[in-house]
Each structure stands twice: as structure tokens, then as C-alpha cells.
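Written out below as C-alpha cells is the structure these notes cover.
Lettering follows sequence order; numbering is per chain, from 1. Just so it is clear, the structure is predicted and the values come from calculations on it, not from any experiment.
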Amino acid sequence: MLRDQIQEIISAAVDAAKSAGELPDVPIAPPAIERPKQAEHGDFSTNIALVTTAAVKQATGEKANPRQIAQAIVGHIPVDGLVGAVELAGPGFINIRLSQQFLQTQVRAIIDAGDTLGSIDRGAGQRWQVEFVSANPTGPLHYGGARNAVLGDALASVLTAAGYEVEREFYVNDAGNQFDLFVQSLYARYLQLHGQEATIPEGGYNGAYMLDYARQIQAEVGDRYLTIPRFEALQEMRAKGRAIVLADLQDELGLIGVKFDRWFSEKSLYDEGLVEQVLSDLTETGDIGEWDGARWFLASKYPKNEKDEVVVRTNGMPTYFASDIAYHYDKFVRRGFDRVVNVWAVDHQGHVPRMGAIMAALGLEPERLVIVLYNLVKLIRDGQEVKMSKRSGDFLTLREVAEEVGADAVRFLLLTRSPESGVDFDMDLAVAQKNDNPVYYVQYGHARICSILEKAAGEGMPTAAQPQPGDADALALLVHPAELDLVRKILELEEQIDFAVEKLSPHNLTHYALDLARTFSSFYEQCRVVDGDQPALTRARLLLSLAARTALARVLGLMGMAAPESM
RNA sequence: GCGCCCGUAGCUCAGUGGAUAGAGCGUUGGCUUGCGGAGCCAAAAGUCGUAGGUUCAAAUCCUACCGGGCGUACCA
């Protein structure tokens, strides 16, 4: 990364100053390189002199002057190539400005990077899994699930851009209570379709969509399930119901552009005996014991856990937690992911400590499992919170929101917030403001550039993507502040990607995308691109416009949004 | 009660110990005859919940308190 190069330059300058005897030879941490808030403070700044002052004071007991120290370091920073200017400012900050020539030459590099623009090698050689959504397969996703989908998907994209090999996984809870209730509810609906008396079980699923599902089954099997015993009918319906609900979920997630590499079945863990195997392994290691007629995982042996957890109930039925242990064994031991990121709503926070206990019991480094918690989405109507219930069928689905507000607008809306911030979602307001969504500003910038490039092509100019002999000379004409600022802004993308990975949250991308679009607009207002009287400058600005389009398309792609050529 | 998270402009939210705390929406005023006005420029708008502490430097770290959300199942 560019920032790393700057850091190396500063480090080298510190060493050189020490060798020259201009700095006392005390240990100094690697300099922190920051992006100043204000443009006058340059492209990068470092507080190394202030930090060094403290280090010198501690080592020698003598008071040092931070500005003097800064001056000594500045004297050893070469001004050539990358660095255009170095300034000493304020109490002892060192501000660095990128050279004009460097910025100009980056334009072609940006274009050539294309859809790998901003990629970094932070995760090279690392295989990560992002498991997200993983909603119960009992019906359409509600709106809160959309936040999970948007967050997990963008996170996976950003990790990929940072060099990790990433798999997106949806854990299908097709074993256990909720799925049983779903199948029984489905069976009841099926019977009702055939005019038979049937009631939805206590705690079952009443939503209207269940009738649609039942009709699909009816269309497939006719009245076959009336002719075979209930037990067998339910058995078959498990598979059919599963296929139908997964198809529905897949379709719904597809509306906001989310695709999974793998849909992992909880039931498969039982079918192949992995749950039983892992439970018996842990019994041997003393992590699972039996009392009060149940089998328990001794979580309290491990830090941050106060209680033990039931894995097999008194009635002999395993809990969700039992398969969760086997599932994570599968992820780490069998499939060998270096790291797994689970995206959970904050109401599952109580599980976090016991997941740490699982890792410890399985002999795995706890940091290999990361849980990203995001806050809940509250639905507001007429200023009041609306409680949603999947069982009663009274809930706002992701599909409804995506259709009414627009997929990209929904993604943007949910992605701008940091995960820990709660979201109050007012559907009426969202619909009313849907054309004011900031995502359209970003997309508009992209479409506008496409239009400019098309106009240039229409006037017989060579395409910007195709290198021309005089390009290097033409790019040297980019000296307007708005032109250089645009290049600067594009070059920030890699740091934004790095930051998103560092924080395991891609929400900064939305702010960056807006910033980038604004920077392009500013260039567009101040610098006419296509000008027949100035062919070389036109060429340079076409290249810069293409670079901006590349960056806009890239960041929109990372966020899972379209980059339209017209709108 | 205990644990985790949040409190920043009218609203919704960003903000990596650093220099004058930002954006979108809303409000007010201006920009027609040049590549897309879904745009641009400008203005008003802040006790960063409160009080202490650490630091050369705190919205950011620590402590207490106030307000809100979530959790504290042989549910998932």
C-alpha cells in the first residue's frame, strides 16, 4: 500500500537522522501514518516527532523539542518520485504531499487495475469463511435478515479484495424443533388444501406464504400424501419443504444480489454421525458429562463462561448447541479454514462466550473464530415500533422492502451504519425518500462518465482504455487541483479496503463511495473533458474519467450494487 | 442485579488519541444558453448524555452516574 511506502520512507529518515547523530539513539516505535482531515496538511502526516519526544524524555530524562526532532527527520526525507513536498507543522507534525508527477502516472495504473483496483495482499494465502444469514429455513427473510445479508456479503467481498480466499456459507437449520414445526405446519396447510380438517401446531407457522408452499407441494405430488401414513408423508415433506423454502430464500437473497457458495445442512451432521462422534470425543476429554438425566458441555471450565450447557436433553433430543459444536469442528478441523467469521444479530450475543469454550475444548486457537454482532433493525410505522413475528406471518419481508424501496437503496441504507448501531427503519419514509438515496448519486457519477466516454468515441477519439503513444505526455497536463484531487481520492481505495477488513465492517465504503462521487463531480464542474481545441488535454481527462469510472464501479461492486451505464 | 452495545447538527448517521468535529436528508440563498441539473456553490445549524480522571493532545482511553437497546432457556 501507498501508506506503507510512506511509512518506510519515514522510518528510513529516522534511522538516517540517528546515524547522523541528529537524533538520540533511543528505541522508537514504527511511525503511525495518518490521513490528515484537512487538505492543507498534505496527503499523509505523522506524529513520529511527538512520539519520539516522549521516548527521548523517558530514556534520557531530558526534555526534547518536538519541532527540532521533526526538523532532523524532515532533513532526511528525500523529495523525489513519490514525495512532492515535506512540511513541518504545528507542535511537530510532519506533513507529506504526494508529487504531481506521481499522481499523473497513477492514472494508467488505475485503469489497468480494473476490477482489482484497490486490492491488497493482506490476506494472501489465508482461507476464510464468512457464515451469514443462516436464518431458520421456515419462510421468507424478514427485514432484519437483510441487514445480515448485506453486511456479510460486503464483508466477504472486501476480504476477497484484501487477498483472502473467501467462502460464503449459509447454515441451514434443517434439524431440530423449528424445522419440525415448519414441516408440520406445511402438512396441515396441505391437508387444508384438500378440504381436510387440520390445525397448525402450537408454535407453528401461520403465514400466508405457507399456503403458497403447500400449493407447490400439491402441484408436485397431487393427493399422494393423503394416501400414505402421516409419518411417511411428513418424512417426504421434510425434503420437499426444505427444497421449496431454500429456493424461496435463494430467490429473495438474489433480489439484493447475495449468493452463497455453500448451503450447509445441519441435518447432514447427524446423518453422517459427526455430532455423535464429536460428543463422544469431548466426553473422553472430560468436556462433556452426564447428570440430571441430560448430557452437558462443561463450558464453565473455560474463561467468560459461568454455566454449563445442555447438549442432549433429558428426552434424548440433542440441542442446537450439540450440532453447533460438530459444525465448528467441521469448519476448522475438516475443512481447515484459517478463520471463520460468523455474522450474528446482537440478540445472539449470549452465545459468544460458549463459542469460545467450544474452540478451547476442540483445541483450536480462539482467535480463529470471530463473531461479528450487528444491532437489530426496528420497524417503525407512524412513529411506533412494529413487532414482527414470523410465526404469525405478520412481518415485513426482505422481498417487499427490496421491491418497494429498491435493492441498491436498501443495501446502501443498511450498509452506511456501523454494525453496532441500531437501525430504525421507517418503511413509509424509505419509500418517500427512495429517489434521494445517496447510492443514486454514486451511480449517477458512473453513468455520467459512461456518457462522456461515449460522446468522445462518437467524435472519433480513441477509447481511453486503449493505450496511445502520447499518453504519458498528455497525463503530464493534469495539473488542475480538481484533477489531482480526483487521483488522490481514487488512490485511497486500498486503505479503505484495508480499514474495512481491520474493523470487519465495510460501512466505511459507503462514505468513501459518496466522497469519491463528490470528488468526481467537482472535477466535472471545473474541468471540461471533451474539448476539440485541446486534444492532448482532452485525452488526459478522458483517461482520468475512465480511472474515476473504474473506481466507482469497483466500490459499487464491493458493496454489491450495480454500476449502471445510464439511468 | 449482572454482562455486552449505543448516546455527536432539526432527522438519520460517520468520525483510526492529533491540528478548525463531518456527510446524507431537511432548511435558507444563489447558479439557464458547454461533455447527463438525479448536478454545483454558499449559509444557518453542535454544552460530542453528565461529572471526574489519564495524556503534550480526548468525541475517541479509564471510572462513576443518567438515558435507551439487547442478553442473562434442557428455544434457535
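- Comparing B/A19, B/G26, B/A14 by their nearest atom to the side chain of A/Arg417 picks out B/A14.
- For the OP1/OP2 pair of B/G22 and a distance below 4.0 Å, the side-chain nitrogens and oxygens of A/Tyr512 include no atom meeting the criterion.
- Here the nucleotide nearest the side chain of A/Asn95, chosen from B/A19, B/C25, B/C40, is B/A19.
- Between A/Phe182 and A/Tyr205, the ring planes are perpendicular. Angles over 60° get that label, and only those under 30° would be called parallel.
- Residue A/Gln433 has its side chain nearest to B/C25 when only B/C25, B/A19, B/U16 are considered.
- In this structure, of B/C40, B/C75, B/G36, it is B/G36 that holds the atom nearest to the side chain of A/Tyr444.
- For A/Pro36, counting side-chain heavy atoms from C-beta on, the closest listed nucleotide (B/A14, B/A19, B/C35) is B/A19.
- The C1' atoms of B/G46 and B/A14 are separated by 15 Å, rounded to the nearest whole Å.
- Within the structure, a side-chain polar atom (N or O) of A/Arg448 is placed less than 4.0 Å from OP1 or OP2 of B/G37.
- Counting to the nearest Å, the C1' atom of B/G3 and the NE2 atom of A/His348 are 18 Å from each other.
- For A/Thr416 against B/A23, no side-chain N or O and base N or O form a donor-acceptor pair under 3.5 Å.
- Across the C1' atoms, B/C56 and B/A19 are found 13 Å apart, a figure rounded to whole Å.
- Contact between the side-chain N/O atoms of A/Tyr374 and the OP1/OP2 oxygens of B/C4 is not found at any separation under 4.0 Å.
- The side chain of A/Ser421 lies closest to B/C13, out of B/G69, B/A23, B/C13.
- Side-chain proximity of A/Val310 to the nucleotides B/C13, B/C70, B/C74 is greatest for B/C74.
- Evaluation of atom-type donor-acceptor distances gives a pair under 3.5 Å for the side chain of A/Gln349 against the base of B/C70.
- Summarising the geometry, the separation between CG on A/Leu50 and C1' on B/G17 is reported as 12 Å, rounded to the nearest angstrom.
- Separating the CZ atom of A/Arg354 from the P atom of B/C74 is a distance of 9 Å, rounded to the nearest angstrom.
- Atom-to-atom, CD of A/Gln526 to P of B/G34 comes out at 19 Å; the value is rounded to the nearest Å.
- For A/His41 and B/A19, the ring-to-base geometry satisfies the stacking test (centroid distance below 5.5 Å, interplanar angle below 30°).
- The side chain of A/Pro438 has B/G24 as its nearest neighbour among B/G37, B/C75, B/G24.
- Ring-to-base geometry places A/Phe93 in a stacked arrangement with B/A19 (centre distance under 5.5 Å, plane angle under 30°).
- Put simply, the side chain of A/Asn47 and the base of B/A19 share no donor and acceptor less than 3.5 Å apart.
- Between A/Arg3 and A/Asp498, at least one side-chain N (NZ, or NE/NH1/NH2) sits under 4.0 Å from a carboxylate O, which counts as a salt bridge.
- Under a 4.0 Å N-O distance rule, the pair A/Asp408/A/Arg411 does not qualify as a salt bridge.
- Ring geometry for A/Phe520 against A/Phe523 counts as tilted: the plane angle lies between 30° and 60°, on a 0 to 90° scale.
- Aromatic ring pairs are classed by plane angle as parallel below 30°, tilted from 30° to 60° and perpendicular above 60°; the pair A/Phe297 and A/Tyr302 is parallel.
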